[in-house]
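Whatever order the structure lists ligands and atoms in, that order sets their numbers, starting from 1.
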Amino acid sequence: MGQGEPILELKGISKRFGGLTALEGINLSVTPGTVHGVIGPNGAGKSTLFNVITGLLRPNSGEIVFRGNSLGRIPPHRRVPLGLARTFQNIRLFKDMNVEDNVLIGQHVHTPTPVLSIIFGTQPATEWEDKAKEVADACLRKVGLESKKSELARNLSYGQQKLVEFARALAAQPELILLDEPAAGMNVSEKAELLHMISTLRDEGYTVVLIEHDMKLLMNVCDTITVLNHGKKIAEGVPRMVRNHPDVIAAYLGKGGDVRAGTC
Ligand SMILES: Nc1ncnc2c1ncn2[C@@H]1O[C@H](COP(=O)(O)OP(=O)(O)OP(=O)(O)O)[C@@H](O)[C@H]1O
Ligand SMILES: [Mg+2]
């Protein structure tokens with residue numbers, strides 16, 4: 001990847017589920033070190049886009065280039081060590097494990113020993129394992145949850161559980177992090193914290209792609225926003241331009257929402 005080149009590029013990505021076209025000819029270019037928003041009404045194809053990028057779904061056509069290399073048929077678990085991590089729209093934590101162990105799992109792609117042997121203590125701790133815990137704790141610190149590391153995941157609030165997922169994605173030491181509706185279910189102060197965290201990550205050199213419905217958060221943190229509707233890209237640009245784009249307003253009003261009112 002040369003200087004100034006996109007970190008992630010989608011070229012003509014289409015994905016069909018039977019007769020339903022969830023994505024149609026999507027071209028997308030993400031600039032390194034930016035926060036790139038992806039918005040669109042429910043069912044627009046946003047999560048499908050993440051599933052295709054991460055390899056959970058195979059596109060029917062098109063190409064994905066990450067850091068200058070085509071991802072082709074590389075399976076999801078082999079995309080993570082390349083620098084691609086994500087969170088899910090619906091929380092996927094091990095609820096009966098503690099918070100630190102949930103984050104430790106994010107590092108399994110880099111471990112010489114199976115991460116479960118660290119968690120269950122079936123092998124003596126090595127220097128590497130101590131290091132893995134240090135990384136997990138540092139990621140929890142980044143999301144403001146280091147003091148909760150020994151709590152069971154199920155005892156945390158919904159918003160805090162989303163932050164644990166965020167920390168787990170960071171523990172994979174990605175270059176690009178895909179966040180699928182991180183603010184959903186968060187209260188106002190948690191959202192403000194999240195905004196601060198995402199801005200800090202960008203300052204540290206990470207690239208973030210963010211699916212969100214909270215327009216205020218998007219306006220405050222995104223450098224670029226891409227808008228999907230019915231699987232097609234209908235607008236792209238700086239947040240203010242996108243919010244006032246007639247096709248975007250029409251797409252949301254058609255679904256009973258109002259992109260200018262705050263949530264989309
Ligand atoms: N595995 C699947 N099998 C069949 N249809 C699917 C599958 N995944 C998604 N779809 C359909 O594809 C379309 C796009 O779904 P997707 O989840 O990507 O939307 P979204 O933009 O993330 O919506 P939301 O804002 O509600 O999360 C929807 O019509 C959905 O029902
Ligand atoms: Mg979704």
Starting from [atom], which protein heavy atom do you reach first, and at what distance in Å?
{"atom": "atom 25 (O) of ligand 1", "value": "Lys46 NZ, 2.7 Å"}
{"atom": "atom 26 (O) of ligand 1", "value": "Asn42 ND2, 3.0 Å"}
{"atom": "atom 27 (O) of ligand 1", "value": "Gln89 NE2, 2.8 Å"}
{"atom": "atom 29 (O) of ligand 1", "value": "Leu20 CD2, 3.6 Å"}
{"atom": "atom 10 (N) of ligand 1", "value": "Phe17 CE1, 3.4 Å"}
{"atom": "atom 23 (O) of ligand 1", "value": "Gly43 N, 2.8 Å"}
{"atom": "atom 17 (O) of ligand 1", "value": "Ser47 CB, 3.9 Å"}

Under the criterion side-chain contact (heavy atoms from CB on, under 4.5 Å), I'd like the reasoning laid out for Val135 against Val103: C-alpha separation, chi angles, the key distance, then a yes or no. CA-CA 9 Å; Val135 172; Val103 176; over 6 Å; no
Would Glu24 and Ile13 satisfy side-chain contact (heavy atoms from CB on, under 4.5 Å), going step by step from the backbone distance to the final call? CA-CA 6 Å; Glu24 193 175 341; Ile13 291 291; over 6 Å; no
For ligand 1, is any non-hydrogen atom under 4.0 Å from Asp180's backbone (N, CA, C, O), its side chain (CB onward), both, or neither?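 Answer for Asp180: neither.
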I'd like to know if [X] pairs up with [Y] as an ion pair, taking the criterion as any Lys NZ or Arg NE/NH1/NH2 lying under 4.0 Å from an Asp or Glu carboxylate oxygen.
{"X": "Glu204", "Y": "Lys142", "answer": "yes"}
{"X": "Lys162", "Y": "Glu165", "answer": "no"}
{"X": "Asp180", "Y": "Lys46", "answer": "no"}
{"X": "Arg202", "Y": "Asp223", "answer": "yes"}

Would you mind running through ligand 1 and noting each atom that sits below 4.0 Å from a heavy atom of [X]?
{"X": "His213", "answer": "25 (O)"}
{"X": "Thr48", "answer": "9 (C), 14 (C), 15 (O), 16 (P), 18 (O)"}
{"X": "Glu181", "answer": "25 (O), 27 (O)"}
{"X": "Gly45", "answer": "14 (C), 18 (O), 19 (O), 20 (P), 21 (O)"}
{"X": "Ala22", "answer": "12 (O)"}

Report yes or no: do Leu179 and Met219 belong to one cluster of Ile/Leu/Val/Met/Phe/Trp/Tyr joined by side chain heavy-atom distances under 4.5 Å?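 Looking at the clustering, Met219 is in the same group as Leu179.
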Touching ligand 1 at all, Gly40? Heavy atoms, strictly under 4.0 Å?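 No heavy atom of Gly40 comes that close to ligand 1.
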Just checking, any donor-acceptor pair under 3.5 angstrom between side chains of Thr226 and His36?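 On atom types as modelled, these side chains qualify, holding a pair under 3.5 Å.
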Hey, are Thr54 and Arg86 close enough side-chain-wise for a donor-acceptor pair under 3.5 Å?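 Thr54 and Arg86 do have a side-chain donor-acceptor pair below 3.5 Å.
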Check whether any N, O or S atom of Ser47 sits under 2.8 Å from the Mg ion (ligand 2).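 True for Ser47.
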If I take every N, O or S atom of Asn42, is at least one of them less than 2.8 Å from the Mg ion (ligand 2)?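 No, Asn42 does not qualify, because none of its backbone or side-chain N, O or S atoms lies under 2.8 Å.
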Closer than 4.0 Å and a protein heavy atom, does any atom meet both conditions relative to atom 31 (O) of ligand 1?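 Flag for atom 31 (O) of ligand 1 set to false, no protein heavy atom closer than 4.0 Å.
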Heavy-atom closest pair, residues Pro239 and Cys222: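 Nearest pair, atom of Pro239 first, then Cys222: CG-O, 3.4 Å.
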Please find the pair of heavy atoms, one from Ile74 and one from Ser70, that lie closest to each other, and give the distance.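 Heavy atoms of Ile74 and Ser70 come nearest at CD1-O, 4.4 Å.
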